[in-house]
Amino acid sequence: MWVTLDFEASGLSLMSYPIEVGYVLPNGDSQSFLIDPSTASGHWHHWDHEAESRIHGISQKTLATEGTSVLAVCQHLNQTLAPFEHVLCDSQWDLFWMGRLYKACYMRPSFTLMEVNQWLKKHSDLDRRDFSREMKALGPAPIVPSKMHYKFVVPLRAC
């Protein structure tokens with residue numbers, strides 16, 4: 001079984017940084033965390049106002065007041081996702097933002113994140129009928145609101 005992981009970010013550039021991360025476990029449980037950029041060790045200052053208004057809808061003020069520390073987010077992800085062999089994302093950007101997240105608190109992930117298309121190429125021997133059967137067995141994808149942080153934010157005590 002696999003976990004899916006997704007990021008929202010301050011923009012789509014090499015200066016962007018993660019502002020929210022969410023995941024869904026094989027049993028359907030999910031969590032999402034807003035990330036407080038002021039707790040990053042690097043210079044997380046880039047902000048794309050168009051991304052805020054047209055994509056994620058998360059303000060810098062919301063991150064400052066409701067965000068979880070970078071360290072606490074990384075510790076939670078490591079503890080929760082380490083047991084899973086497959087942690088999948090849908091974009092190379094997610095790999096970039098995960099790297100920025102962990103670098104910002106001098107940690108390494110305890111799991112391997114792989115873009116789903118690369119995972120499928122690696123498993124080219126996978127019988128498509130078996131894959132389709134597995135996907136049907138999972139049932140429909142969970143309904144996630146357009147701004148996932150409104151439903152799933154779970155505050156952690158800052159470390």
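Numbering of residues begins at 1 and proceeds along the displayed sequence. Values below: every heavy atom of this structure, side chains too, minus hydrogens, waters and symmetry copies.
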Task: side-chain contact (heavy atoms from CB on, under 4.5 Å) involving M107 - partner list, sequence neighbours excluded - done: L71, C74, Q75, N78, Y102, C105
Open item on the list: Quick check: closest heavy atoms across E50 and D48, and the distance to 0.1 Å?
Closed with: N-OD1, 2.9 Å
Task: Spatial distance of atom CD (E85) from atom CE (M114) [nearest 0.5 Å] - done: 10.0 Å
Open item on the list: Distance check, rounded to the nearest 0.5 Å: L25 atom CG versus T80 atom OG1?
Closed with: 7.0 Å
TODO: Could you tell me whether the side chain of Q92 reaches within less than 4.5 Å of the side chain of Q118, counting heavy atoms only?
DONE: yes
TODO: Work out which heavy atom in G11 is nearest to a heavy atom in A51; give both atom names and the distance.
DONE: CA-CB, 4.2 Å
TODO: Indicate, with yes or no, if Y106 and F111 share a hydrophobic cluster defined by side-chain heavy-atom contacts under 4.5 Å among Ile, Leu, Val, Met, Phe, Trp and Tyr.
DONE: no
- [ ] Report yes or no: does S41 contribute a side-chain atom to a donor-acceptor pair with the main-chain N or O of A104 at less than 3.5 Å?
- [x] yes
Task: Closest contact, heavy atoms only, L88 versus V116 - done: CD1-CG2, 4.1 Å
Open item on the list: Within the 4.5 Å heavy-atom criterion, are L5 and L77 side-chain neighbours or not?
Closed with: yes
Task: Atom pair NE2/OG of H56 and S10 - distance to nearest 0.5 Å - done: 7.0 Å
Open item on the list: Quiz question: by atom type and distance under 3.5 Å, do the side chains of S32 and E20 form a donor-acceptor pair?
Closed with: yes
Task: Chi angles and distances behind the side-chain contact (heavy atoms from CB on, under 4.5 Å) call for Y23, L81 - done: CA-CA 9 Å; Y23 61 83; L81 303 182; 4.3 Å; yes
Task: Validation row, ring centre H76 to ring centre F33 under 6.0 Å - done: yes
Open item on the list: To the closest 0.5 Å, what do you measure between CG (L113) and SG (C89)?
Closed with: 4.0 Å
- [ ] Decide yes or no for F7 and Y17: does some side-chain heavy atom of the first lie under 4.5 Å from some side-chain heavy atom of the second?
- [x] no
Task: side-chain contact (heavy atoms from CB on, under 4.5 Å) partner of P18, chosen from I35, L34, V70 - done: I35
TODO: Could you walk me through whether V73 and L101 pass the side-chain contact (heavy atoms from CB on, under 4.5 Å) test, one step at a time?
DONE: CA-CA 9 Å; V73 170; L101 179 68; 4.1 Å; yes
- [ ] Drop me the distance from W44's CH2 to R100's CZ, to the nearest 0.5 angstrom.
- [x] 7.0 Å
TODO: Quick one: pull up CG in D6 and OG in S30 and give me the separation to the nearest 0.5 Å.
DONE: 12.0 Å
Task: Side-chain heavy-atom pair I55, E8 within 4.5 angstrom cut-off - done: yes
Open item on the list: For W93 and F96, take the angle between the two ring planes, folded into 0 to 90°, and tell me which bin it lands in: parallel under 30, tilted 30 to 60, perpendicular over 60.
Closed with: perpendicular
TODO: Classify the angle between the aromatic ring planes of H86 and W119 as parallel (below 30°), tilted (30 to 60°) or perpendicular (above 60°).
DONE: perpendicular
Open item on the list: Tell me whether M98 shares a hydrophobic cluster with M15, the cluster being built from Ile, Leu, Val, Met, Phe, Trp, Tyr side chains joined at under 4.5 Å.
Closed with: no
Task: Between S16 and W97, a side-chain donor and acceptor under 3.5 Å - done: yes
Open item on the list: Checking the side chain of T62 only, and the main-chain atoms of I58 only, is there a donor and an acceptor separated by less than 3.5 Å?
Closed with: no
- [ ] Step by step, work out the side-chain contact (heavy atoms from CB on, under 4.5 Å) result for H45 and W47.
- [x] CA-CA 6 Å; H45 302 294; W47 191 259; over 6 Å; no
TODO: Report the C-alpha distance between L63 and D36 in whole Å, list the side-chain angles of each, state the deciding distance to 0.1 Å, and finish with yes or no for side-chain contact (heavy atoms from CB on, under 4.5 Å).
DONE: CA-CA 5 Å; L63 295 174; D36 180 357; 5.5 Å; no
